[in-house]
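Comments concern the structure below.
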Number of protein chains: 2
Amino acid sequence: MSTPSEMANKVFSKKNQMGNSTSKVALRPVNRSRLHEEIVSQIQRKIISGEIKAGEKLPAERELAVELGVNRATLREAVKKLEAQGLVEVRHGDGVYVKDFLESENLDVLKAMIYHEGGVDSTIIDSLLIARIALLPEIAAVAAVKRKDEHVQKLKEIVELGKNMPALEADLAVHHTIARASENYLVIFILNFFNKLFREYGKYYFDDPQNEERSRKFHREIFSAIARGDAPRAKRIMRDVLIYARERTMNAMRKSL
Amino acid sequence: MSTPSEMANKVFSKKNQMGNSTSKVALRPVNRSRLHEEIVSQIQRKIISGEIKAGEKLPAERELAVELGVNRATLREAVKKLEAQGLVEVRHGDGVYVKDFLESENLDVLKAMIYHEGGVDSTIIDSLLIARIALLPEIAAVAAVKRKDEHVQKLKEIVELGKNMPALEADLAVHHTIARASENYLVIFILNFFNKLFREYGKYYFDDPQNEERSRKFHREIFSAIARGDAPRAKRIMRDVLIYARERTMNAMRKSL
DNA sequence: ATTGTATATTGGTTGAACCATTGAATGACT
DNA sequence: AGTCATTCAATGGTTCAACCAATATACAAT
């Protein structure tokens, strides 16, 4: 809740609103993409689309820099990011080789795979929803067993004050709290990934009043179950809502195609 | 099986063996850490250990470069990697800010959290083993339902020829194949993470002949279940072996402390 | 055929300079 | 006192030109 980026997102210059300072304008961050980020996107896309295959050697840095119209130092910064994503392997004195992105462990790559060629890949989305169903009920049960005042209190606040905040934000907070309560670090990291995705694209789900109401009900029930330490009930409640969400989400995606 | 790094690992100069060309010498890769990687490790460690807290601003690049005794371009390459890991946020004209690493989604960070201050953090290891138990049985069931000849054949080969390869390698291959068979991309990525960890540190587990035999048995049984499309059985077999592995692993870690 | 050597290629690092953005200090104006 | 625009110093972003270090390759020597 207090990372620099989130703090920064709450501040914007009034000048950009062109006098429309009171109404809620849907502002998107200015595209001030840094050069090396633009390069990362380009190469990342070519790798994930299969245009560049695993095992191939990229052109030499000096060549690539000329081709892209940037300085070699800038290109190198991009290559370092690609290396951190596990998409390329750099060999001193030899060259930069493309790796098999399906052998990656970097969820940024998975995210890029979702949004390839304009649309979203519903197959990958479904794999996320399925994994969530397998994982989170168990984690909810663990949270109910370990329950600490800190987390129960946090859930209570979300349920009580949550009516004043968007359903999406309340939902992200509930999952975040349960993950923290479970003290399972892998799940915490995976949930960070989920929540970042949902923060960008989950609004469509909560636009449906029926889904929002289902979500509010889930918040009340899971809080109750965890507060009482009823692990089996927490597990079932979590499972039910995730199965519901998967069905609704996949149906919506099917319709939009 | 064909990433550049793995191909490279099978090739080495005989000169490094200093005339001992026939005996099996335990050679470790020369530590030819590039400067920017050394820098990444240093700063990563300081962030994860809490020495640098979330929200703090790092010294200016020009200062930091002098302090580390490297050129600013080199430092910047390191910062780009840290940024890709979600550990810092760079703001043009302002500075480099440390982010809360518990809000990261990068499993490299989780790996670094495991190996902090010399030893391994058994709490995090256990969270991996728990998540694995929640996740993989369901994925084994999916694999049994979707079963394709390609994957069944691969499992058969591993079971038949696996006796000639180390149990660790056979085990990694089995899990890899099942993940691919499930076609669940998130699980594939998470399993890439697991397998990379186990390839480094799983040998201790398979040093125990009892564990190795248990693993071979698992390979035979899961192959049989998936080949017959028996999803419930595949699920149970996977679950049983993972629970066994968790108990043995955690017991071993407790003893070594 | 094997081994050693020279060379070109490629990534790694350096130093200096300049551009672009930001935050804070300043001062004018209300 | 508070608000606003201006100025300016600090900081990240990019460029340029070199040189260092590791590697692959071709070639010569054996």
Side-chain angles (χ1 to χ4, degrees), chain A residues 4-5 7-17 19 21 29-40 43 55-84 88-98, chain B residues 4-5 7-19 21 29-40 43 55-84 88-99:
Chain A
S5 63
M7 295 188 298
N9 281 338
K10 293 171 183 168
V11 182
F12 48 82
S13 165
K14 288 181 181 175
K15 284 189 290 188
N16 290 337
Q17 297 187 347
S21 61
V30 175
N31 182 5
R32 59 171 93 274
S33 192
R34 297 170 288 180
L35 276 182
H36 63 259
E37 289 192 346
E38 169 73 19
I39 298 170
V40 167
I43 300 179
E56 284 185 29
K57 190 200 288 197
L58 292 183
E61 289 181 351
R62 292 166 179 82
E63 286 180 45
L64 254 185
V66 171
E67 190 176 333
L68 290 164
V70 300
N71 188 269
R72 191 180 157 214
T74 303
L75 171 67
R76 280 178 59 79
E77 293 182 1
V79 171
K80 289 296 161 295
K81 282 202 172 183
L82 292 169
E83 192 184 22
V88 302
E89 175 175 344
V90 183
R91 299 196 214 160
H92 189 177
D94 188 353
V96 179
Y97 289 82
V98 174
Chain B
S5 63
M7 295 188 298
N9 282 339
K10 292 171 183 168
V11 182
F12 50 82
S13 166
K14 288 181 181 176
K15 284 189 292 188
N16 291 336
Q17 298 188 349
M18 297 193 298
S21 60
V30 175
N31 182 5
R32 60 170 94 274
S33 191
R34 297 170 289 181
L35 275 183
H36 62 260
E37 290 192 347
E38 168 72 20
I39 297 170
V40 167
I43 299 179
E56 284 185 30
K57 193 202 287 199
L58 292 184
E61 289 182 349
R62 292 167 179 81
E63 286 179 44
L64 212 46
V66 171
E67 191 175 334
L68 289 164
V70 300
N71 187 271
R72 190 180 157 213
T74 303
L75 170 67
R76 279 179 59 80
E77 293 182 1
V79 171
K80 288 295 160 297
K81 283 202 171 184
L82 292 169
E83 192 184 23
V88 302
E89 175 175 346
V90 183
R91 297 197 214 161
H92 189 177
D94 188 353
V96 179
Y97 290 83
V98 175
K99 299 213 292 182

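Computed from a predicted model, the values in this text were never measured in an experiment.
- Rounded to whole Å, the distance from OH on Tyr97(A) to P on dT10(C) is 10 Å.
- The base of dG15(C) sits with one of its N or O atoms less than 3.5 Å from a complementary donor or acceptor on the side chain of Asn71(B).
- Close to dG12(C), at under 4.0 Å from its OP1 or OP2, lies a side-chain N or O of Arg76(A).
- Among the heavy atoms of the strands lying under 4.0 Å from Lys80(B) are primed sugar atoms or P, OP1, OP2 only; no base atom is included.
- A straight line from NE2 of His92(B) to C1' of dC19(C) spans 8 Å, rounded to a whole angstrom.
- The residue among Gly93(A) and Arg72(A) whose nearest nucleotide of DNA chain D is located toward the 5' end is Arg72(A).
- When all heavy atoms are compared, the tightest approach of Thr74(A) to Leu35(A) is CG2-CB, 3.9 Å.
- Between Thr74(A) and the phosphate of dG13(D), there is no side-chain N or O to OP1/OP2 separation shorter than 4.0 Å.
- Ala60(B) comes within contact range of the sugar-phosphate backbone alone, with a heavy-atom separation under 4.0 Å but no base atom that close.
- In this structure, CG in Leu68(A) is found 6.0 Å from CD1 in Ile43(A), a value given to the nearest 0.5 Å.
- Below the 3.5 angstrom threshold, one finds a donor paired with an acceptor across the side chain of Arg62(B) and the base of dG12(D).
- Across all strands, Val79(B) comes closer than 4.0 Å to no nucleic acid atom at all (heavy-atom distances).
- A straight line from CD of Glu89(B) to C1' of dG12(D) spans 13 Å, rounded to a whole angstrom.
- Partner of Lys81(A) under the side-chain contact (heavy atoms from CB on, under 4.5 Å) criterion, chosen from Lys81(B), Glu77(B), Glu83(B): Glu83(B).
- The nearest pair of heavy atoms linking Leu75(B) to Ala65(B) is CD2-N, 3.7 Å.
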